[in-house]
Structures are given as structure tokens and as C-alpha cells.
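The next block holds one structure in the form of C-alpha cells; read it before the comments.
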Amino acid sequence: MMESMGDLHRTCYCGEVAEHLVDSQVVVMGWVDRVRDLGNLVFIDLRDRTGIVQIVTNPEAAEALEKARQVRPEWVLAVEGPVVRRSPDTVNPDIPTGTVEVRACMLRVLNRSLTPPFPLNEQVPIAEEARLKYRYLDLRRRVMQQNMMLRHKVCLAVRRYMDSRGFLEIETPFLTKSTPEGARDYLVPSRIHPGHFYALPQSPQLFKQLLMISGMDRYFQIVRCFRDEDLRADRQPEFTQVDIEMSFVQMEDVFELVEGLLAVMFDTAGFKIDRPFLRLPYDEVIARFGTDRPDLRFGLELTDLTEAFRHSEFPVFRQLIQEGGIVKGIAVPAGTAYSRKELDDLQEFVRQYGAQAMTWIRTLPESGVRSSLPKTVSESELLSVAESAGLAKDQYLLVVAGSPAVVHACLANLRLKLGSDLQLISDDEFRFVWVYDFPLLEWDVEEQRYVALHHPFTSPQDDHMALLTENPTAVRAKAYDVVLNGLEIGGGSIRIHRDDVQRSVFSALGISPEEAEDRFG
RNA sequence: GGGGUCGUAGUUCAGCUGGUUAGAACGCCGGCCUGUCACGCCGGAGGUCGCGAGUUCGAGUCUCGUCGACCCCGCCA
């Protein structure tokens, strides 16, 4: 049983069937979501990307009813009939079209379907493997369709906004020379030049610099980027970013532009966000949250215990601090109880990020204090640490000691875990923050040189040109570091970089700060 | 490159310290039903417990190997 559309014309989408169409004849086409066969009365939920409308068949249209009884999920139908208002007791308040239905006078089976290998209309989690194998079915699911439609709307909003602010959307090439940016390049073999490869861009970095130098002044692009690195749950090897570059601007101009952009994007997605965004300097953000992309929707900030432990009776801490290490902790809300196993699990969690151990100090409900530190550490020391951390009664302090990098990595991740475990994070809330005053360089212990912490965005000045002519090969290899004022949006965070000019170039060339000082002042 | 978790029906899962014929829900097939909307009711089919070896009287369960999936670290912003 399979029929052609013939001369049928779809008059509206399923989700568009509404009260204003009552008594008019419609033709809808779509996929069978569910069938409810009551014998001489068959209901079909017909679905397309706009939603679901209920089709009803009864013996008045015997042929349609007969076909309806054969119908199975995911068959593709064309249905013609009048839109009918439902009686009050049969209204379905759960769907937008729930006050009406289409009474089928004619029903055509445009295509049949096998039973789907997984349910399309339930919210059970399906193994990714199955979803990808049957991607065409996966993409029929409501969540997926809504994601794609939302993405379209957000992209449209971005284009309208950027256009209104005088930006040009300009496409840049994918098949080009390597423009190393820290990640591994994806390579594409060249047919014309055997043995040579194109590299897919990790971002349009070089191209947008070209555009600025060319005087295009304000550019943006919704652009695919490629990075050949290992995956994570939230990281894909190819992804899309809103890439922006502009000339002749100050930091405030960038803040203003991007806050407006994000407000528009989130508004499109149905969320209101607060402006202006919070602004925090890099050092403060690291000190308080251990990361440059803190989740500000909950507290549990880090407490610095380094001074409290500087003369500790626990030799390990004492020595660590002497060698430049730090000790920091997170105070868990008072009254939170932990079993021995739970504390062990937390310790195991923290170890992933490089800590040797996690210690804890706990104020007891009445008075006194306990800890996992050796017994040689006196109660008075513990009490003074608890006091410096501001502990109330019956409260745990989870403590990590080590190098600043390790301590911050451990506690930043522990903080997120605690926030999630203790259900302190609300999913539909967004708290933005600008992190400014990023250090441009970071000493790399292994390479024994300064490396750029992020893209060191810079402005083109004469000094650059001097360097470029001085060592063209090196500069070409690292040209990605020589860029313009600007910003990038990617990886779920937004960062603004200092526009200190020369230093990024020095780092790109592997010139130490001392040497740079000598040569360029 | 390293670590962790997991592989049982079409799907999502349960199956305790090894023990008789491996279960549930949904889905699927057949039947009944004119107001359902996660329809309901009656009946039924469906499994090499990822694969291979070992321990044992006996393995879905324990051991080793192997393949695969997911998550994390490294890496990446």
C-alpha cells in the first residue's frame, strides 16, 4: 500500500493547524508519530518539523478509516479533510494544536516504514552509536529538530545584529597553508602537488588580520574551525564560532558590542540576561575560583590557607609552602555530612587533576575540630585554620596543597563537582563575566621559555615590521601571534586580550623577556 | 599516550555473596473496542548475556585476554 501525492498540495504544516482554520479544508503531510486505534475510530498524531496535529478517522470516510488501521509509526501520510473544533472534554492542553483536529476524508500512504530501532517520541537516552547509525531517525526527534531550528534563528539574529553595527560577513578559505595555533592541523592531501598537504584552519585568524590590514575595518563570520585533537564530551574536532575582528577600537567598544550581541542571541533563545556584565581581573578570578572561566551561579569560593599553614606542625605543608607552593580550600555548606567513602571519592576525584592528596578539616556540631591531618597537628592549629577560613560549626573544609597550577586545577574542578552534587546550580540561569588583564605570557617549565597564555592580540606597529624583516621564516611560522586588536568567541567563553604589542611577538619568536629588554628596550 | 566505567531482548535497564527454565518497562505481532491523546483490555513472539579462553560439579555473575562504547587526564580554548 503505497500511493503518490498525485496533484495534492500541502496547504499548511501540522503545527499550523489552528482555530482560525476551523471549517476550512486542509491538506497536511508528515510522519506518523503515534496511532490510537479504537476500532471504528482511529486517531493518528501526524508530525512534521512544526509540531503535531491529531488526525481522526471514522466510518463516514470508510476508505480513510481502513487505511488508518494499517498505519504504523513513521509512515509518511498525506491527509485531506476539514479542520474541526474539538468538544471541550476532548481538548488536549498539552499540544498547541490541541483544540482542533483534522477529520480525514482522504488519506494517502506516501511511504511506509520499518519499525524504528529506537523510540523517537520518548525522552529515553539512546546510545550515541545507534543515534549516529540511524541519524535520519535521530534527527526526526523533537529535541534535535528544535536545536536545529533554534540554531538557525540565533545565526539569523547574529547576522542582523552585526549588520546593524556595520560589520561585513566575509568568507575565508578552508584549504590553505598551515597557520599553526597551538592545536594540531587537519591535513588534506593535494592532488596537484603530490606529497604536499592543505591544512584546514583552526580559526580564520590570519585571514581576518588580512582584512583589517586591508581596511575592511569591521568583519565577522559564523565560521567552521578545525582542530585535530582528542575529543571530550563538550569538545568536537570541528565546531562553529562567531568570529569578529574590528579596527580602531578600545576595550569598552568590544565590551559594548559583544554584550549586545549576546543579549540578542540569548533573547532569541528565550533567555533574558543581565547587563552590563560583571568584570573581574584575571588575578582575582584565579584566586577566587581557580579558573579563568568561573561558574558564578553559586558560591563555594576558594579560601587561601597558605599563611595559616606557613608555620604548620605538618612538615609536608610547611615545606611545600617554603618551595613556593600554596594551600587552599573550599568550605562546604555547614551541615553537609560526608561518610568516609564519600571523602575518599572526593580525594580520588581531586587526584585526577594532579593533587597528591586532599585533606579535610571539620568543625564539630558542638565544639572542637577534627581533620585528616596527622595527629601531630595540634587542635589549636586546626582551630586557627578553621577560623581563618571562617568556618561555622559543623562544617567541612576541603583542602588541597601543591603548586598554584595544581591547587587551582583541583579546586576549580572540585568546586564544580560540589556545586553540582549539592544542587547549587540552576540550569536556566546565565551569569556572564568579563575577565580582563590576562597575563600575556606564562613561563613554560618544560620549554624553559615564556609562551603565550592565549592568542596575544596586538596592534600592527613599526616594531612588528622590523621583526618581520629580521627573521621572516620564524615569523611566518608563528605569524598567528601577530594580530590586531580584538577578541574571539569560542569554547563557551569570551576573552579579551591586552594589546601589548611587542611581547607577543617576542614570545612567538622564542625570545626571552630579558633578551627582548636588551634589544628593544 | 595514560586512567576509569560499562557491554544482558528492537530500546532503556534489573539480575545480590556463582545455583534449577535469564526478568521488567516500553516497543513489536495477533485479537477486541466510536473520543483517544503515554488510549485501554486479552493473548503472543523475541536472548550465542560483545567475543575467546580459563577456574568450578555448575559462570550473565569470578580470572585472563580481546573487541567495542562512553567519560576523564594529557592535549586542545
Side-chain angles (χ1 to χ4, degrees), chain A residues 32-47 52-61 65 68-70 72-74 84 86-101 103 113-134 137-138 141 180-186 202-203 205 225-239 241 243 291-293 345 348-355 406 409-410 413 416-417 435 438 446 452-456 480 487-495 497:
Chain A
V32 173
D33 199 68
R34 276 201 162 86
V35 184
R36 292 176 293 280
D37 182 351
L38 277 63
N40 271 326
L41 190 64
V42 177
F43 297 98
I44 297 170
D45 289 341
L46 198 64
R47 158 174 51 79
I52 283 177
V53 66
Q54 174 165 281
I55 310 297
V56 58
T57 58
N58 62 28
E60 289 169 28
L65 174 64
R69 301 193 65 174
Q70 312 297 316
R72 293 289 177 272
E74 298 312 310
V84 178
R86 298 200 200 181
S87 65
D89 55 317
T90 61
V91 162
N92 180 358
D94 296 333
I95 59 174
T97 61
T99 59
V100 291
E101 61 194 3
R103 185 159 296 161
S113 170
L114 297 174
T115 301
F118 50 81
L120 305 186
N121 47 22
E122 288 168 37
Q123 54 281 52
V124 287
I126 307 296
E128 220 167 65
E129 219 181 349
R131 290 177 53 194
L132 291 172
K133 180 173 178 183
Y134 301 97
L137 297 178
D138 185 41
R141 293 160 56 227
E181 218 179 296
R184 202 173 290 122
D185 285 321
Y186 273 105
Q202 300 174 28
S203 79
Q205 197 62 44
C225 302
F226 305 89
R227 290 176 189 159
D228 187 9
E229 296 294 343
D230 288 353
L231 281 69
R232 287 286 187 287
D234 60 352
R235 192 203 296 165
Q236 303 190 55
E238 56 174 301
F239 61 91
Q241 71 182 30
D243 196 61
T291 174
D292 60 15
R293 46 188 184 90
D345 288 347
E348 214 40 54
F349 175 82
V350 155
R351 277 192 170 137
Q352 297 181 87
Y353 303 96
V406 165
C410 289
N413 284 291
L416 286 178
K417 180 180 166 54
V435 177
F438 260 72
E446 280 182 21
L453 192 59
H454 289 302
H455 292 312
Y480 66 98
L487 80 162
E488 62 174 343
I489 304 177
S493 56
I494 303 172
R495 299 187 175 87
H497 310 276

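So you know, we letter chains A, B, ... as the sequences are listed, proteins then strands, and number each from 1. The structure displayed is predicted, hence computed values, not measured ones.
- In the interface, the side chain of A:Asp89 is not paired with the base of B:G35 through any donor and acceptor atom under 3.5 Å apart.
- For A:Arg232, taking side-chain heavy atoms from C-beta onward, the closest of the listed nucleotides B:C72, B:U12, B:C28 is B:C72.
- When the C1' atom is used for both B:C57 and B:A14, the distance is 28 Å, rounded to whole Å.
- Between B:C28 and B:C72, the distance separating the two P atoms is 35 Å to the nearest Å.
- Atom pair A:Arg69:CZ and B:G30:C1' shows a separation of 13 Å (rounding to whole Å applied).
- With hydrogens and angles left out, the side chain of A:Arg86 and the base of B:C37 share a donor-acceptor pair within 3.5 Å.
- Residue-to-nucleotide contacts include a donor-acceptor pair under 3.5 Å from the side chain of A:Glu101 to the base of B:G35.
- For the C1' atoms, the distance from B:U55 to B:C64 is 11 Å, rounded to whole Å.
- Closest-nucleotide positions on RNA chain B for A:Tyr353 and A:Glu128 were compared, and the one nearer the 5' end corresponds to A:Glu128.
- Contact of A:Gln54 with B:U36 (side chain to base): a donor-acceptor pair of N or O atoms is detected under 3.5 Å.
- Nearest-nucleotide mapping onto RNA chain B: of A:Val124 and A:Val56, the residue sitting toward the 5' end is A:Val124.
- A:Pro125 comes within 4.0 angstrom of sugar-phosphate atoms only, judged by non-hydrogen atoms across all strands, and of no base.
- With hydrogens and angles ignored, a donor-acceptor pair under 3.5 angstrom links the side chain of A:Arg235 to the base of B:C76.
- The same atom, P, is picked in B:U48 and in B:G23; the two are 15 Å apart, to the nearest Å.
- Comparing B:C51 with B:G7, their P atoms sit 13 Å apart, to the nearest whole Å.
- Remark: A:Arg36 is not in phosphate contact with B:U36, judged by side-chain N or O atoms under 4.0 Å from OP1 or OP2.
- If you measure from atom CG of A:Leu41 to atom P of B:U36, you get 9 Å, rounded to the nearest angstrom.
- Donor-acceptor pairing under 3.5 Å, judged by distance alone, is absent between the side chain of A:Arg34 and the base of B:U36.
- For the pair A:Phe118 CZ and B:C13 C1', the interatomic distance rounds to 18 Å; values are reported in whole Å.
- The base of B:G27 has none of its N or O atoms less than 3.5 Å from a complementary donor or acceptor on the side chain of A:Arg72.
- Between A:Asp230 and A:Arg235, no side-chain nitrogen of the basic residue sits less than 4.0 Å from a carboxylate oxygen of the acidic one, so the salt-bridge criterion is not met.
- Here, B:G65 and B:G58 have their C1' atoms 23 Å apart, quoted to the whole Å.
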